[in-house]
Engineer: 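Quick one: the structure is below, and I'll ask about it shortly.
Computation of the quantities below employed the complete heavy-atom set of this structure, encompassing side-chain atoms and omitting hydrogens, waters and symmetry-equivalent molecules. All values derive from a computational prediction rather than experimental measurement. For this chain, numbers begin at 1 and follow the sequence in order.
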Amino acid sequence: MNKKSFKRFIISAACFVLCFVMILVSAPVALADETSPASEEKASSDKSEEEYREQISGLQDEQHKIQQEMQEYTNKIAGIKDDKKKQQALANTIDEKISITEKAIEVGLEKISVINKYIDEKTKEIAGKEEDIEYTLQLFRDRVRAIYMTGGYSDSANSLVMLLSSRSISEFLTRSEYLERIAAHDKELVAGLRVELENLEEEKAVLEEEKAALEEEKAALEKEQEELEKQLKEAKSSIQDLQAMQKEYEANYAELSEMQKQIQAELLDIYKNLQTSNEAYVGGEMMWPVPGYSTISSVYGWRFNGSDFHTGMDITGSGVHGAPVVAANTGTVVHTNKCPYNGYSYGYGTYIIVDHGGGITTLYAHLSAIDVKVGDIVVMGQQIGRVGNTGWSTGAHLHFEVRQNGKHVNPLPYVT
């Protein structure tokens, strides 16, 4: 082989290696374009974001409803003109406020959980995109380095190499066109990388805003939770103050005496219209209606120096607020009354009546919550509600009654 032929062979080999390197370096990108799950990932991401937005929208609707409830509560208190009565109303409607605030906390924490999950997913997604961008950028760097080492895309030196190594003009043009396509692909790649990076920065900015808003919401909820816990502590430490009730009764004797008569008349009317069972009494000794609490603050019979007749017995004790109230015996729930307010005009407040057959019924009053509905069959010891401070009450307690054919009797012999 002469010197000229050897030189031509070396140039041809160099060109062949260059083209081969080009193909190798660009192949992963082309392959990635064809087989990459990017489109599937995007669809999955879009679906995940849509679900997230729907969840957040639903929770925001719930929060809006709770805010309306809280506003109604606030308006009700604000509507009371007398400062003394307003303070009393604030103290006595703690059950209602606790219930609303508990719902707000529950929804708020659920919202935080959803947002946290979304932030975690978006953080992983951004990290994945950063890896993809870095990988693509590295391919680009490798190819540019290879092209640089062989003289560039289409400068005169490279064109001369191709011309000298081509066996025909047709071969030269084919090689030139291939290199131009590679150059165009790199330009598109750079433009795509720039767009990806811009989108990534925007997503990061949005994520940071959501994180900041989340921290504010968490702080507000924690503050609200502290207030709730304080209220719960106060409520649970409050037990029936019989002396306060007596003072109130004596100070407003005429009005309260008339109110009591009216309440009893209404209750008798309720009993007359109850759909009670014709079956015989289920029998047996009744169970204590507030397990764990045995203090009787007011017994059945005359009280307040013989000025008021108490139709049941009151069970109280430290921490009784919210304690479970159970069915004293097996029976059917025949009446419920929901009244979250406090004051003598509200009588028994929230209460439940259970029919045990044979004309025997039990009544559970001043509850903070009801866990059953009319028509439910309950068994002895089953939780039916929770102790509260609703109706005419000066502290958390359960007013428990036993009635025979609608007439109140001493309940103590039934449970001891």
Side-chain angles (χ1 to χ4, degrees), residues 95 240 263-301 309-317 320-340 346-393 396-416:
D95 285 323
Q240 185 183 30
I263 289 166
Q264 287 302 317
E266 288 175 1
L267 199 58
L268 285 172
D269 190 53
I270 288 170
Y271 271 98
K272 283 179 185 176
N273 293 292
L274 283 181
Q275 297 296 317
T276 56
S277 169
N278 292 321
E279 295 179 8
Y281 173 54
V282 293
E285 184 178 307
M286 290 186 179
M287 183 176 179
W288 193 257
V290 193
Y293 295 88
S294 57
T295 301
I296 300 175
S297 56
S298 184
V299 297
Y300 175 83
F309 192 91
H310 191 223
T311 56
M313 67 175 181
D314 294 342
I315 303 166
T316 190
V320 75
H321 188 282
V325 174
V326 302
N329 210 338
T330 298
T332 304
V333 178
V334 289
H335 186 79
T336 62
N337 181 68
K338 178 74 173 175
C339 176
Y346 298 112
Y348 285 15
T350 296
Y351 65 90
I352 301 167
I353 299 175
V354 178
D355 173 35
H356 305 286
I360 304 294
T361 58
T362 50
L363 181 146
Y364 313 77
H366 307 303
L367 304 174
S368 61
I370 294 175
D371 298 327
V372 291
K373 62 183 183 298
V374 173
D376 283 355
I377 295 173
V378 295
V379 297
M380 181 190 290
Q382 179 181 332
Q383 182 173 320
I384 58 175
R386 290 188 177 275
V387 175
N389 187 34
T390 57
W392 185 34
S393 171
H397 72 286
L398 173 73
H399 174 84
F400 176 67
E401 286 187 11
V402 175
R403 297 209 174 207
Q404 293 179 354
N405 299 316
K407 294 180 180 180
H408 53 76
V409 296
N410 188 357
L412 204 55
Y414 282 84
V415 290
T416 55

Engineer: Can you tell me which residue among Leu274, Leu268, Asn273 is in a side-chain contact (heavy atoms from CB on, under 4.5 Å) with Ile270?
Structural biologist: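 Single pass found, and it is Leu274.
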Engineer: Can you give me the closest heavy-atom contact between Val290 and Ala323, atom names plus distance?
Structural biologist: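 Looking at all heavy atoms of both residues, the shortest contact is CG1-CB, 4.3 Å.
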Engineer: Could you measure the distance from the OH atom of Tyr351 to the CG atom of Leu363? Nearest 0.5 Å is fine.
Structural biologist: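 So the OH of Tyr351 and the CG of Leu363 are separated by 7.0 Å.
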Engineer: Look at atom CD1 of Ile377 and say whether more than 12 heavy atoms of other residues, nucleotides or ligands are closer to it than 6.0 Å.
Structural biologist: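 Count not over threshold, so no.
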Engineer: Sequence neighbours left out, what passes side chain to side chain contact (heavy atoms under 4.5 Å, CB included) with Glu279? Give chain and number order.
Structural biologist: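 If we apply the side chain to side chain contact (heavy atoms under 4.5 Å, CB included) test to Glu279, skipping adjacent residues, the hits are Ser277.
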Engineer: Go through the steps for Val354 and Gln382 under the test side chain to side chain contact (heavy atoms under 4.5 Å, CB included), then give the verdict.
Structural biologist: CA-CA 12 Å; Val354 178; Gln382 179 181 332; over 6 Å; no
Engineer: What are the two closest heavy atoms between Val415 and Glu285, and how far apart are they?
Structural biologist: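 Taking every non-hydrogen atom into account, O-OE2, 3.7 Å.
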Engineer: Look up atom CG in Asn337 and atom CD1 in Ile353, then write down how far apart they are to the nearest 0.5 Å.
Structural biologist: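 The distance works out to 9.0 Å.
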Engineer: Is a side-chain N or O of Thr390 found less than 3.5 angstrom from the main chain of Thr350, in a donor-acceptor match?
Structural biologist: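 Side chain of Thr390 to backbone of Thr350, a donor-acceptor pair under 3.5 Å: yes, one is there.
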Engineer: Examine distances only and state if a side-chain atom of Tyr300 and a backbone atom of His408 form a donor-acceptor pair shorter than 3.5 Å.
Structural biologist: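 Answer holds: yes.
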Engineer: Roughly how far, to the nearest 0.5 Å, is the CG atom of Leu367 from the SG atom of Cys339?
Structural biologist: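 Between Cys339 SG and Leu367 CG, I get 11.5 Å after rounding to 0.5 Å.
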Engineer: Might you point out which heavy atoms bring Val372 and Val378 nearest each other, and give the distance in Å?
Structural biologist: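 Closest pair (atom of Val372, atom of Val378, distance): CG1-CG1, 4.0 Å.
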Engineer: When rounded to the nearest 0.5 angstrom, what distance separates CD1 in Ile315 from CE in Met313?
Structural biologist: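 If we round to the nearest 0.5 Å, Ile315:CD1 and Met313:CE are 4.0 Å apart.
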Engineer: Search all heavy atoms of His397 against all heavy atoms of Val320 and return the closest pair with its distance.
Structural biologist: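 Answer, listing the atom of His397 first, then Val320: N-CG1, 4.4 Å.
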Engineer: What residues form a salt bridge (Lys or Arg N to Asp or Glu O under 4.0 Å) with Asp355, not counting sequence neighbours?
Structural biologist: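 Expected list: none.
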Engineer: Which pairs count as salt bridge (charged side-chain N to carboxylate O under 4.0 Å, His left out) when at least one residue sits in residues 368-391, sequence neighbours excluded?
Structural biologist: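 Sorted pair list: Lys373-Asp376.
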Engineer: Keeping to residues at least two apart or across chains, list the salt bridge (charged side-chain N to carboxylate O under 4.0 Å, His left out) pairs with something in residues 404-416.
Structural biologist: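 Sorted pair list comes back empty.
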Engineer: Looking at Asn389 and Ala396, what are the two nearest heavy atoms and their distance?
Structural biologist: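 Minimum heavy-atom contact is OD1-N, 3.8 Å.
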Engineer: Less than 3.5 Å apart, which donor and acceptor atoms pair up between the side chains of residues 328-335 and the rest of the protein, not counting sequence neighbours?
Structural biologist:
from   : atom 1 : to     : atom 2 : distance (Å)
Asn329 : ND2    : Tyr281 : OH     : 3.2
Asn329 : ND2    : Gly283 : O      : 3.1
Thr330 : OG1    : Met380 : N      : 3.3

Engineer: Quick check: closest heavy atoms across Gly317 and Tyr293, and the distance to 0.1 Å?
Structural biologist: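 Taking Gly317 first and Tyr293 second, the nearest heavy atoms are CA-CD2, 4.1 Å.
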Engineer: Within the 3.5 Å criterion, strictly below it, is a donor on His321 or Ser368 matched to an acceptor on the partner's side chain?
Structural biologist: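 No, because no side-chain N or O of His321 sits under 3.5 Å from a partner of the opposite role on Ser368.
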Engineer: Indicate yes or no: at least one non-hydrogen side-chain atom of Thr361 is less than 4.5 angstrom from one of Tyr271.
Structural biologist: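 Result yes, sub-4.5 Å side-chain heavy-atom pair found.
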Engineer: Distance-only check: which donor-acceptor pairs under 3.5 Å involve side-chain atoms of residues 399-406, not counting sequence neighbours?
Structural biologist:
from   : atom 1 : to     : atom 2 : distance (Å)
His399 : ND1    : His310 : NE2    : 3.2
His399 : ND1    : Asp314 : OD1    : 3.0
His399 : NE2    : Glu401 : OE2    : 2.8
Glu401 : OE1    : Arg403 : NE     : 2.8
Glu401 : OE1    : Arg403 : NH2    : 3.0
Glu401 : OE2    : Thr311 : OG1    : 2.5
Glu401 : OE2    : Tyr348 : OH     : 2.5
Arg403 : NH1    : Gly406 : O      : 3.0
Arg403 : NH2    : Gln264 : OE1    : 3.1
Gln404 : NE2    : Tyr414 : OH     : 2.4

